[in-house]
Amino acid sequence: MLDIIPSAEEMVTLVGQSLYDVWNELCSLIDEKYEMECLWNKGGKAWTYEYKYHRCFNREIINC
């Protein structure tokens with residue numbers, strides 16, 4: 001997991017304003033429809049950042 005989450009300005013620099021707007025809209029739609037945890041991570045060899053959604057099906061049994 002990342003220690004510092006990238007700012008909006010840094011994300012716009014990486015992907016451009018139009019793709020950043022699409023990404024924000026997509027994230028908003030997912031957040032409205034599903035109860036998910038969002039995790040920032042290092043992107044590995046190919047990417048700078050990775051943004052993951054994690055869904056927990058049974059919160060009583062599994063501590064998410």
Side-chain angles (χ1 to χ4, degrees):
M1 185 166 353
L2 287 178
D3 295 329
I4 299 172
I5 295 172
S7 66
E9 293 82 19
E10 188 172 358
M11 292 301 293
V12 168
T13 301
L14 287 170
V15 298
Q17 185 64 52
S18 61
L19 288 178
Y20 178 72
D21 293 340
V22 170
W23 179 71
N24 265 337
E25 185 65 29
L26 180 61
C27 289
S28 294
L29 290 171
I30 292 170
D31 290 340
E32 286 176 19
K33 300 225 179 247
Y34 304 101
E35 185 178 330
M36 308 272 265
E37 284 185 81
C38 303
L39 305 169
W40 282 96
N41 204 352
K42 295 178 184 175
K45 292 180 186 177
W47 310 104
T48 305
Y49 300 111
E50 179 180 49
Y51 189 67
K52 293 183 181 181
Y53 282 98
H54 179 261
R55 187 167 185 179
C56 196
F57 293 104
N58 191 341
R59 291 191 181 270
E60 290 80 34
I61 296 173
I62 302 170
N63 186 14
C64 291

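Below, all heavy atoms of this structure are taken into account, side chains as well, without hydrogens, waters or symmetry copies. Just so it is clear, the model here is predicted, and its values are computed rather than measured.
Linking Ile, Leu, Val, Met, Phe, Trp and Tyr residues whenever their side-chain heavy atoms come within less than 4.5 Å places W40 and L14 in a single cluster. Both I5 and M36 belong to a single network of hydrophobic side chains, linked directly or stepwise wherever heavy atoms of I, L, V, M, F, W or Y lie under 4.5 Å apart. Grouping the Ile, Leu, Val, Met, Phe, Trp and Tyr side chains by contacts below 4.5 angstrom, directly or via other members, places I4 apart from M11. Under the 4.5 Å side-chain heavy-atom criterion for Ile, Leu, Val, Met, Phe, Trp and Tyr, W47 and Y51 are members of distinct hydrophobic clusters.
When the side chain to side chain donor-acceptor pair (under 3.5 Å) test is applied to Y49, the partners found at least two apart in sequence or on another chain are E10. Legend: residues meeting side chain to side chain donor-acceptor pair (under 3.5 Å) with E50, ordered by chain and number and at least two apart, are absent. L19 meets the side-chain contact (heavy atoms from CB on, under 4.5 Å) test with V15; sequence neighbours excluded.
Residue L29 places its CG atom among more than 12 non-hydrogen atoms of other residues, nucleotides or ligands, all under 6.0 Å distant.
Within the structure, every pair that satisfies the side-chain hydrogen bond (donor to acceptor under 3.5 Å, both in side chains) test and touches residues 15-31, not counting sequence neighbours, is listed here: Q17-D21, Y20-N24.
Atom OH of residue Y53 and atom CG of residue L39 lie 10.5 Å apart, to the nearest 0.5 angstrom.
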